[in-house]
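Below is one structure, written out as structure tokens; comments come after it.
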Amino acid sequence: MLSGKNVEEIIREAIAAGEFDNLEGRGKPIDLTAYFNTPAEFRVGYSLLKSNKFVPEEVEILKEIGYLREKIKISKEESKVKKLTKQLHERQMALSILNERRGRRR
């Protein structure tokens, strides 16, 4: 108990003060499928990473690679395509190095 109040009282006061009005996903059902499909020993860790919007480095690099490929497809200027292609190769190399360091193969 905090200050002689129980948790239910504190929650009711917070609701009345509108402290929960701007929460992400408000009014939407919670999908717990992925949570329960994750092995029990990893659930808490994965849940913490996800709720803190942590994304593994390789996922970020893969997003960048996809973005660069799309930009190359729609680019008309040869100089721009060259620059984007160079960036794409750099990101692919970074992903390969990261995977190699972690003992993974694509």
Side-chain angles (χ1 to χ4, degrees):
M1 286 196 202
L2 300 171
S3 315
K5 295 181 184 179
N6 68 33
V7 173
E8 290 177 11
E9 286 179 70
I10 294 169
I11 292 172
R12 273 195 292 277
E13 288 173 7
I15 290 170
E19 292 181 32
F20 299 124
D21 290 350
N22 295 322
L23 293 178
E24 186 178 332
R26 180 174 183 256
K28 297 177 187 170
I30 298 173
D31 182 5
L32 297 174
T33 307
Y35 179 80
F36 287 109
N37 286 339
T38 303
E41 63 270 18
F42 298 119
R43 285 183 192 155
V44 173
Y46 284 2
S47 180
L48 282 170
L49 293 172
K50 185 177 179 181
S51 65
N52 287 292
K53 298 184 180 359
F54 173 81
V55 179
E57 187 177 1
E58 54 265 49
V59 172
E60 287 292 336
I61 293 173
L62 285 168
K63 283 181 184 179
E64 291 173 23
I65 288 171
Y67 172 79
L68 289 167
R69 286 182 175 154
E70 288 302 312
K71 292 292 277 185
I72 290 169
K73 279 184 192 176
I74 62 172
S75 292
K76 306 275 191 247
E77 295 176 40
E78 188 177 331
S79 63
K80 181 115 176 154
V81 170
K82 254 184 167 175
K83 181 181 174 186
L84 291 168
T85 301
K86 182 179 184 239
Q87 290 175 344
L88 175 62
H89 290 148
E90 288 170 356
R91 298 317 291 151
Q92 288 172 327
M93 182 65 73
L95 182 61
S96 293
I97 291 168
L98 182 65
N99 284 336
E100 207 167 289
R101 281 186 188 149
R102 293 183 179 169
R104 297 186 203 142
R105 298 277 185 247
R106 274 183 83 181

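Any value given below was found using the heavy atoms of this structure, including those in side chains, with hydrogens, waters and symmetry copies removed.
Proximity of Ile15 to Glu19: side-chain heavy atoms (C-beta onward) are nowhere separated by under 4.5 Å. Looking at Lys86 and Glu90, their side chains come closer than 4.5 Å, going by heavy atoms from C-beta outward. Put simply, the side chain of Glu57 does not reach to within 4.5 Å of the side chain of Glu60, judged on heavy atoms. Inter-residue side-chain proximity for Pro56 and Val59 is flagged as met; some heavy-atom pair is nearer than 4.5 Å. Ile11 is listed as a side-chain neighbour of Phe20, based on a closest heavy-atom distance under 4.5 Å. Put simply, the side chain of Asn99 reaches to within 4.5 Å of the side chain of Leu95, judged on heavy atoms. Counting heavy atoms from C-beta on, the side chains of Ile65 and Arg69 come closer than 4.5 Å.
Residue His89 forms a side chain to side chain contact (heavy atoms under 4.5 Å, CB included) with just one option from Gln87, Met93, Gln92, and that option is Gln92.
Side chain of Arg43 to main chain of Tyr35: a donor-acceptor pair is present (N/O by atom type, distance under 3.5 Å, no hydrogens or angles). Between the side chain of Asn6 and the backbone N or O of Glu8, at least one donor-acceptor pair lies under 3.5 Å.
In this structure, OG on Ser75 lies 10.5 Å from NZ on Lys83, to the nearest 0.5 angstrom. The line from NZ of Lys71 to CG of Leu88 is 13.5 Å long, rounded to the nearest 0.5 Å. Taking CG of Leu68 as the reference point, atom CD1 of Ile61 lies at 11.5 Å (rounded to 0.5 Å). Note that CG of Leu84 and CD of Glu77 are 10.0 Å apart. Values are rounded to the nearest 0.5 Å. To the nearest 0.5 Å, the span separating NZ on Lys80 from CD1 on Ile74 amounts to 9.0 Å.
Atom CG of Asp21 sits in a crowded spot, with more than 12 heavy atoms from other residues, nucleotides or ligands closer than 6.0 Å. More than 12 heavy atoms of other residues, nucleotides or ligands lie within 6.0 Å of CD in Glu41, so this atom counts as buried by the packing criterion.
Salt-bridge formation is detected for the pair Lys5/Glu13: a Lys NZ or Arg NE/NH1/NH2 atom is positioned less than 4.0 Å from an Asp or Glu carboxylate oxygen. Lys53 and Glu24 are joined by a salt bridge, as a carboxylate oxygen and a charged side-chain nitrogen come within less than 4.0 angstrom of each other. Salt-bridge check for Lys73 with Glu70: passed, with a basic side-chain N closer than 4.0 Å to an acidic carboxylate O.
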Inset, instruction - Given salt bridge (charged side-chain N to carboxylate O under 4.0 Å, His left out), test Arg102 with Glu58 step by step and report yes or no. - result: CA-CA 11 Å; Arg102 293 183 179 169; Glu58 54 265 49; 2.4 Å; yes
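Looking at every heavy atom in both residues, Asn52 comes nearest to Leu48 through ND2-O, 2.8 Å.
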